[in-house]
Peer 1: 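Before I ask anything, here is the structure I am working with.
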Amino acid sequence: MKQFSITIAGGGSTFTPGIILMLLENLDRFPIKEIKLYDNDEERQGTVAGGCRILLKERAPQIKFVETIDPEEAFSNIDFVMAHIRVGKYAMREKDEKIPLKYGVVGQETCGPGGIAYGMRSIGPVIELVDYMEKYSPDAWFLNYSNPAAIVAEATRLLRPNSKILNICDMPIGIEELMAASIGLSSRKEMEVKYFGLNHFGWWFDIRDKEGNDLMPKIREHVSKHGYVTVDESKQHSDASWNSTFAKAKDVQALDPTTVPNTYLKYYFYPDYVVEQSNPDYTRANEVMDGREKLVFSECQKIIDNQTAEGTELEIDEHASYIVDLARAIAYNSKERMLLIVENNGAISNFEPTAMVEVPCIVGSQGPEPLVMGEIPRFQKGLMEQQVAVEKLVVEAWAEKSYQKLWQALTLSKIVPSAKVAKDLLDDLYEANKVYWPELS
Ligand SMILES: NC(=O)c1ccc[n+]([C@@H]2O[C@H](COP(=O)([O-])OP(=O)(O)OC[C@H]3O[C@@H](n4cnc5c(N)ncnc54)[C@H](O)[C@@H]3O)[C@@H](O)[C@H]2O)c1
Ligand SMILES: O=P(O)(O)OC[C@H]1O[C@H](O[C@H]2[C@H](O)[C@@H](O)[C@@H](O)O[C@@H]2CO)[C@H](O)[C@@H](O)[C@@H]1O
Ligand SMILES: [Mn+2]
């Protein structure tokens, strides 16, 4: 059985150890002969790589492990790139979240002005990684979950239309696990879903079990009462702010009780509530820096100090097994049914054909084939047309170095109150991002 070589781009990511542990758990389904970590921050990656090297030596010594900042070494002779970079790291995520709050606007990692600023930072480096892969391993596939996935996906559509790239998000996967738990199923994989939207901006409208029984009535009822909060504590997020988001899905669903929503819609439906709940001095970025980032880096350092991974608190990222499902679908033509962010081309029949939409796809060795979700209701169509125009304007602003188009994108965003606030935000974010964004004119 072929053994695969993979490069994790963004090797210093807080998710790298959990994903490596998940890959080790799935070696029977997806055999690996080499794992390379690639990052542009040698020191940051060095700590994660140091811990992972010892862990792999103890648990899978047969796997060759490489850490590098050299693109040729990183991207040569590989089958897959798993890309999870964060351009500007948490320091810039903190600015993405705090600068909008100065103007009474939602500050969020991937939504609104924060997501737009993050997108302007991410487009260039993600395209650069794709180009490295194509230069050094032209037959490889690029599995991207670097955020903001909506803007990155639109950029790869426009700027690298023929590249072998799959854009994916784990939010629907996390929510489906909560749905399954709320109706007594043991896994989301017992469900077959129909979903439409943009990334972080979508709705489930049909969910059935493998026998075709309609599960929506029970799921809709649960969400209308409890959001995605379940009594199964093992399924709940470790952070209170996430559990508050899962609970808020109750109010988000109220806008269309015939569907169940992606949790991210709360930022667009209830921006006033979100701003009221926000602490301008301590946002989600601070929570993660004090939480996940501290835990992962201290655990990796402990492994290095002790020269063993015995007893580590590093946890497997179980739900990241979607990455293996995706790689297997390409490698073995498995025809896996998965939500991916793909060019619409009629999957949503009354929506912009070139929009990058999040819909169920059948994935095989030639890539994704979107399933037809049909016509969407006027309410969602209106919301998505505004949002996709924002995302397209951001990519055009980056490609054309256009201040005007970026101002239009911010003004068009549902959660920015006026062109004046949009311009103030733009100038503030531009100053904060001057080493990352292209020079605009
Ligand atoms: N698609 C999804 O649903 C999903 C889910 C979880 C996380 N993510 C994304 O995964 C990414 C990683 O998240 P994290 O919290 O671990 O971030 P992190 O900051 O801990 O790690 C990201 C790494 O990327 C590196 N990096 C930045 N720019 C780079 C470049 N140009 N080339 C190579 N490496 C570069 C950084 O140095 C850092 O080590 C983020 O974009 C995050 O939003 C996406
Ligand atoms: O605030 P963070 O950094 O903890 O999470 C931001 C990411 O949130 C989503 O990913 C979630 C996932 O959906 C959830 O089920 C759980 O497993 O945690 C993940 C990461 O924390 C979202 O899909 C990503 O795009 C965000 O970056
Ligand atoms: Mn996501």
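Both ligands and their constituent atoms are indexed starting at 1 by order of listing.
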Peer 1: Hey, does Tyr322 come in under 3.5 Å of ligand 1, counting only N/O atoms on both sides?
Peer 2: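 No, no N or O pair falls under 3.5 Å.
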Peer 1: Is Arg292 close enough to touch ligand 2? Criterion: a residue heavy atom under 4.0 Å from a ligand atom.
Peer 2: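 Yes, Arg292 has heavy atoms under 4.0 Å from ligand 2.
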Peer 1: Polar-atom distance check: Asp170 versus ligand 1, any N or O pair below 3.5 Å?
Peer 2: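 Yes.
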Peer 1: Report the nearest protein non-hydrogen atom to atom 14 (C) of ligand 2: residue, atom name, distance rounded to 0.1 Å.
Peer 2: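 Going atom by atom, the protein heavy atom closest to atom 14 (C) of ligand 2 ends up being Met171 CE, 4.3 Å.
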Peer 1: Pick one of side chain, backbone, both or neither for how Tyr264 approaches ligand 2, counting any non-hydrogen atom pair under 4.0 Å.
Peer 2: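 Looking at Tyr264 and ligand 2, just side chain atoms fall under 4.0 Å.
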Peer 1: Would you check the N or O atoms of Ile168, main chain and side chain alike, for any that come under 3.5 Å of an N or O of ligand 1?
Peer 2: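 For ligand 1, there is an N or O atom that lies under 3.5 Å from one belonging to Ile168.
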Peer 1: Counting heavy atoms only, which of Ile85, Thr16, Asp39 comes nearest to atom 38 (C) of ligand 1?
Peer 2: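 Among Ile85, Thr16, Asp39, the closest heavy atom to atom 38 (C) of ligand 1 comes from Asp39.
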Peer 1: Would you check whether Arg292 reaches within less than 4.0 Å of ligand 1, judged by its heavy atoms?
Peer 2: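 True for this residue.
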Peer 1: Do any nitrogen or oxygen atoms of Asp170 lie less than 3.5 angstrom from nitrogen or oxygen atoms of ligand 2?
Peer 2: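 Yes, Asp170 has an N/O under 3.5 Å of an N/O on ligand 2.
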Peer 1: I need the nearest protein heavy-atom contact for atom 20 (O) of ligand 1: residue, atom name and distance, please.
Peer 2: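 The closest heavy atom on the protein side is Arg44 NH2, 2.7 Å.
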Peer 1: Report the nearest protein non-hydrogen atom to atom 27 (C) of ligand 1: residue, atom name, distance rounded to 0.1 Å.
Peer 2: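 Going atom by atom, the protein heavy atom closest to atom 27 (C) of ligand 1 ends up being Arg86 O, 3.2 Å.
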Peer 1: Check Arg284 against ligand 2 and report side chain, backbone, both or neither, counting heavy atoms closer than 4.0 Å.
Peer 2: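 Side chain only.
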Peer 1: Less than 3.5 Å between some nitrogen or oxygen of Thr14 and one of ligand 1, yes or no?
Peer 2: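 The answer is yes, given that Thr14 and ligand 1 share an N or O pair closer than 3.5 Å.
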Peer 1: Taking non-hydrogen atoms only, is Glu177 closer than 4.0 angstrom to ligand 2 via side chain, backbone, both or neither?
Peer 2: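 Contact part for Glu177 vs ligand 2: neither.
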Peer 1: Looking only at distances, can you tell me whether any N or O atom of Tyr38, backbone or side chain, sits closer than 3.5 Å to an N or O atom of ligand 1?
Peer 2: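 N/O-N/O distance below 3.5 Å does not exist for this pair.
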Peer 1: Look at atom 7 (C) of ligand 1 and say which protein heavy atom is nearest, naming residue and atom and giving the distance to 0.1 Å.
Peer 2: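 Atom 7 (C) of ligand 1 sits closest to the protein heavy atom Phe15 CE1, 3.4 Å.
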Peer 1: What is the ring orientation for Phe201 with Trp203, classed by angle as parallel under 30°, tilted 30 to 60°, or perpendicular over 60°?
Peer 2: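 Ring orientation, 0 to 90° scale: perpendicular.
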Peer 1: Among protein heavy atoms, which sits nearest to atom 9 (C) of ligand 1, and what does the distance come to when rounded to 0.1 Å?
Peer 2: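 It is Tyr145 O, 3.4 Å.
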Peer 1: Output the list of atoms in ligand 1 that are nearer than 4.0 Å to some heavy atom of Gly10, sorted by atom number.
Peer 2: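 Selected atoms, number and element: 23 (C), 24 (O).
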Peer 1: Does His200 reach ligand 2 with a nitrogen or oxygen that is under 3.5 Å from one of the ligand's nitrogen or oxygen atoms?
Peer 2: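 Such a contact does occur with ligand 2.
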Peer 1: Just heavy atoms, cut-off under 4.0 Å: does Asn147 contact ligand 2 by side chain, backbone, both, or neither?
Peer 2: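 The side chain, only.
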Peer 1: With a 4.0 Å heavy-atom cut-off (strictly under), which part of Arg93 contacts ligand 2: side chain, backbone, both or neither?
Peer 2: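 The answer is the side chain of Arg93.
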Peer 1: Considering both backbone and side-chain atoms of Glu128, is one of its nitrogen or oxygen atoms within less than 3.5 Å of a nitrogen or oxygen in ligand 1?
Peer 2: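 It does not: no N or O of Glu128 is found under 3.5 Å from an N or O of ligand 1.
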Peer 1: Please say which of Arg292, Glu293, Arg86 ends up in a side chain to side chain donor-acceptor pair (under 3.5 Å) with Thr14.
Peer 2: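 Answer after filtering Arg292, Glu293, Arg86: Arg292.
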